[in-house]
Amino acid sequence: RLFSMLLPLVTAPYLSRVVGTEGVGLYGYAWAISYTFGLIGLLGLENYGPRAIAQCKDDKASLDRTFSAIWKMQLLVAGLTLLVWCGYVALVAGEEKSIAFHLTLMSVSCLVNVDWCLMGLDQFKPIALRNTAVKLIAAAAVFIFVRKPEDLWIYAFVWSLSTFIGCLSCFLSLRGKVQFVSVPWKEAIRHLKPCAVLSISVIAVSVYRQMSKVMIGALSDMHQTGLYENADKIILCLAGFISAIGTVMLPKISHMTAQGRVDDVKKHIDASMDLVMCMVCALSFGLASVARGFAPLFFGADFAESGTLMIPLSMTLLTIGFANVIRTQWVLPQKRDSIFVKSVLTGAAVNVALNALLIPHFGAMGAVAATLAAELSVPVVQFIILRRELPFGRYVRYAATYAVIGIIMAMAVRIAAMLPLGGWLGLGVQVAVGGMTYVALCLVWWKITGNRHILGILKKSAKPGK
């Protein structure tokens with residue numbers, strides 16, 4: 001997952017210089033719509049599937065039957081979604097029609113996307129290795145074939161095709177792990193309702209992460225969409241570190257929850273929150289401190305304004321990290337999907353309302369403000385509902401502590417920026433100074449407080465053979 005999110009950053013500087021802000025905006029607009037269709041096609045299986053598989057993986061007969069029923073339901077929903085997508089491309093799409101057409105394989109891949117089963121079985125290696133190989137080939141194809149603004153459709157087709165091949169290869173890797181058995185439609189449809197409940201929340205997340213691009217394109221212009229697309233691309237890449245932790249922990253915690261090990265689950269949540277807050281504060285304050293210099297260097301001078309957008313947008317990493325730990329390690333393993341739905345529907349409603357109000361006046365910066373408010377509303381709703389079950393006060397103290405360290409790091413970075421160094425050398429010095437400052441202050445804090453979570457990890461990694 002991390003690699004899939006990082007690799008487009010390798011091609012992003014090249015694409016930005018080849019197709020410009022409007023080309024990037026047009027692709028981002030079409031991709032956001034395609035991505036939303038893909039979420040509908042998978043119907044929340046990324047959250048529901050791993051949990052369902054993890055809870056029955058010790059019983060082979062039950063595992064085969066559960067997989068077969070879920071996949072049969074998936075074929076029905078993904079097939080219908082694919083038909084609707086084709087109708088959209090043919091009858092509704094405007095200037096993005098050509099790009100949307102070449103993204104069709106994204107919807108086709110939903111038919112064979114069984115990553116949820118491999119995740120539930122804790123089989124992450126096939127997903128990682130196969131997708132890594134496919135994405136590397138795709139990146140090479142972009143550099144070889146995308147040469148001018150008119151080649152934007154090639155870029156869309158390459159990534160769409162790589163997604164389909166990656167899903168197909170992971171599907172083939174299921175051989176020997178699960179076996180498809182005949183199940184009646186009634187049994188398959190039984191999974192539709194819980195999946196649909198989770199899909200509402202997943203689509204709602206898409207509304208306030210992807211729909212901003214669609215609304216900028218509709219209410220402003222493709223230039224503003226392009227600026228927001230590249231700024232958001234960096235944020236989503238960094239957020240991938242957070243979601244990857246949640247992806248790994250969900251099946252593990254689901255298994256522990258099914259065994260009734262509530263105390264162990266709470267210990268995992270406490271350790272995860274400490275670690276995640278440490279990570280996101282470093283990422284958010286670090287990015288904010290170098291964003292204005294990074295954007296024009298990385299994307300080109302035309303995208304200098306993307307750096308300004310990144311500064312406030314980077315703060316969303318704090319709320320994303322906080323909400324992700326609670327969602328994947330407490331809410332979803334306990335099948336309390338309604339809490340997940342309420343929190344993200346609140347975020348989606350806040351985002352759409354503020355986007356409609358702010359984008360016409362402030363363009364991409366209006367979408368940034370709406371996204372900040374939406375992301376903040378999600379953990380707030382979680383707190384209101386779960387405040388008597390989890391020690392939110394301790395979690396907030398973790399966040400506040402690392403935020404203070406992050407602010408000091410940002411100040412050190414700004415001091416380093418005064419050195420008479422420019423370009424990538426100057427940026428590299430700023431990152432190095434910031435990184436050393438953050439690590440040094442964290443080590444001092446952990447030593448003073450005797451942090452059992454992270455110091456324990458460091459001690460284990462220092463042992464021979466670890």
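We use all heavy atoms of the structure for the numbers below, so side chains are in, but hydrogens, waters and symmetry mates are not.
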Legend entry - Check against side-chain contact (heavy atoms from CB on, under 4.5 Å), L386 and V331: CA-CA 9 Å; L386 300 171; V331 175; 3.8 Å; yes
Inset, instruction - In sequence, state the C-alpha distance, the side-chain angles, and the governing distance for L227 and V24, and then conclude on side-chain contact (heavy atoms from CB on, under 4.5 Å). - result: CA-CA 8 Å; L227 294 174; V24 171; over 6 Å; no
Inset, instruction - Assess whether side chain to side chain donor-acceptor pair (under 3.5 Å) is satisfied between Y155 and S160, documenting all intermediate values. - result: CA-CA 9 Å; Y155 182 82; S160 177; over 6 Å; no
Inset, instruction - Kindly determine whether F101 and W85 satisfy ring-ring contact (aromatic ring centres under 6.0 Å, His included), including the steps that lead there. - result: CA-CA 9 Å; F101 172 76; W85 168 257; 9.8 Å; no
Inset, instruction - Show your working on side-chain contact (heavy atoms from CB on, under 4.5 Å) between D64 and F67 and close with a plain yes or no. - result: CA-CA 5 Å; D64 290 342; F67 164 76; 5.9 Å; no
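At a threshold of 4.5 Å between non-hydrogen side-chain atoms, the residues P296 and F303 do not count as touching. Annotation: side chain of T257 is not in contact with side chain of Q55 (no heavy-atom distance under 4.5 Å). Proximity of F299 to I234: side-chain heavy atoms (C-beta onward) are separated by under 4.5 Å at one or more points. Annotation: side chain of I189 is in contact with side chain of L192 (closest heavy-atom distance under 4.5 Å). You'll find the side chain of F294 reaches within 4.5 Å of the side chain of M310, heavy atoms only. Using a 4.5 Å heavy-atom threshold, the side chains of C278 and Y438 count as touching. Looking at T163 and L105, their side chains never come closer than 4.5 Å, going by heavy atoms from C-beta outward. Put simply, the side chain of L121 reaches to within 4.5 Å of the side chain of L63, judged on heavy atoms.
M365 pairs by the side-chain contact (heavy atoms from CB on, under 4.5 Å) definition with T308, L309, P312, V368, not counting sequence neighbours. In terms of the side-chain hydrogen bond (donor to acceptor under 3.5 Å, both in side chains) criterion, residue partners of T21 (sequence neighbours excluded) are, by chain and number, H223. Residues that satisfy the salt bridge (Lys or Arg N to Asp or Glu O under 4.0 Å) test with K57, not counting sequence neighbours, are D122. In this structure A138 satisfies the side-chain contact (heavy atoms from CB on, under 4.5 Å) test together with V158, W159, S162, sequence neighbours excluded. In this view, R17 satisfies the salt bridge (Lys or Arg N to Asp or Glu O under 4.0 Å) rule with no residue, not counting sequence neighbours. Shown here are the side-chain contact (heavy atoms from CB on, under 4.5 Å) partners of A288, two or more places apart in sequence or in another chain: I311, S314, M315. Annotation: side-chain contact (heavy atoms from CB on, under 4.5 Å) contacts of C195 (sequence neighbours excluded): L43, L45, Y48, M73.
Note that NZ of K342 is 10.5 Å distant from CG of L345, once rounded to the nearest 0.5 Å. Taking CZ of F362 as the start and CG of L357 as the end, the distance is 8.5 Å to the nearest 0.5 Å. With rounding to the nearest 0.5 angstrom, the CD1 atom of I216 is 5.0 Å from the CD1 atom of I359. Of the inter-residue distances, the one linking I154 atom CD1 with R147 atom CZ reads 10.5 Å to the nearest 0.5 angstrom. E375 CD to I235 CD1: the interatomic distance, rounded to the nearest 0.5 Å, is 10.5 Å.
For residues 125-153, the set of pairs meeting the ring-ring contact (aromatic ring centres under 6.0 Å, His included) definition, not counting sequence neighbours, comprises Y14-F143, H102-W153.
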Under 3.5 Å, which donor-acceptor pairs do the side chains of residues 89-98 form with other protein atoms, sequence neighbours left out?
{"from": "E96", "atom 1": "OE1", "to": "G94", "atom 2": "N", "distance (Å)": "3.2"}
{"from": "E96", "atom 1": "OE2", "to": "Y88", "atom 2": "OH", "distance (Å)": "2.5"}
{"from": "E96", "atom 1": "OE2", "to": "G94", "atom 2": "N", "distance (Å)": "3.4"}
{"from": "K97", "atom 1": "NZ", "to": "V89", "atom 2": "O", "distance (Å)": "2.8"}
{"from": "K97", "atom 1": "NZ", "to": "A90", "atom 2": "O", "distance (Å)": "3.1"}

Under 3.5 Å, side-chain donor or acceptor atoms of residues 318-328 against the rest of the protein: list the pairs with distances, not counting sequence neighbours.
{"from": "T319", "atom 1": "OG1", "to": "T316", "atom 2": "O", "distance (Å)": "3.0"}
{"from": "T328", "atom 1": "OG1", "to": "N324", "atom 2": "O", "distance (Å)": "2.8"}

Less than 3.5 Å apart, which donor and acceptor atoms pair up between the side chains of residues 107-114 and the rest of the protein, not counting sequence neighbours?
{"from": "S109", "atom 1": "OG", "to": "M106", "atom 2": "O", "distance (Å)": "2.6"}
{"from": "N113", "atom 1": "OD1", "to": "D115", "atom 2": "N", "distance (Å)": "3.2"}

Going by atom type alone, with no hydrogens or angles, which donor-acceptor pairs under 3.5 Å involve a side-chain atom of residues 174-183 and a protein atom two or more places apart or on another chain?
{"from": "R175", "atom 1": "NE", "to": "L172", "atom 2": "O", "distance (Å)": "3.2"}
{"from": "K177", "atom 1": "NZ", "to": "S173", "atom 2": "O", "distance (Å)": "2.9"}

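Under a 3.5 Å cut-off, the side chain of R51 and the backbone N or O of S254 do not form any donor-acceptor pair. The closest donor-acceptor contact from the side chain of S377 to the backbone of A374 lies under 3.5 Å. Distance alone, capped at 3.5 Å, is enough to place a donor-acceptor pair between the D221 side chain and the Q224 backbone. No donor-acceptor pair closer than 3.5 Å links the side chain of N351 to the backbone N or O of G347.
The shortest non-hydrogen separation linking A32 to V214 is CB-CG2, 3.8 Å. Closest of all the heavy-atom pairs between A291 and G307 is CB-O, 3.4 Å. Counting all heavy atoms, side chain and backbone alike, I99 lies closest to Y27 at CG2-CD1, 4.0 Å. When all heavy atoms of A356 and L219 are compared, the closest pair comes out as CA-CD1, 4.1 Å. Scanning all heavy atoms of the two residues, the minimum distance from N355 to A367 falls at OD1-CA, 3.3 Å. M277 approaches A399 most closely through the heavy-atom pair SD-CB, 3.5 Å.
Ion pair E187/R65 flagged as a salt bridge, since at least one NZ, NE, NH1 or NH2 atom sits closer than 4.0 Å to an Asp/Glu carboxylate oxygen.
A side-chain donor from one of S272 and Q329 sits under 3.5 Å from a side-chain acceptor of the other. A side-chain donor from one of W116 and Q74 sits under 3.5 Å from a side-chain acceptor of the other. Side chain to side chain, N230 and S16 meet the donor-acceptor criterion of an N or O pair below 3.5 Å. A donor and an acceptor atom, one from each side chain of S34 and Y29, are nowhere located under 3.5 Å apart. Side-chain contact check for D274 and Y395: no donor-acceptor pair (N or O, by modelled atom type) lies under 3.5 Å.
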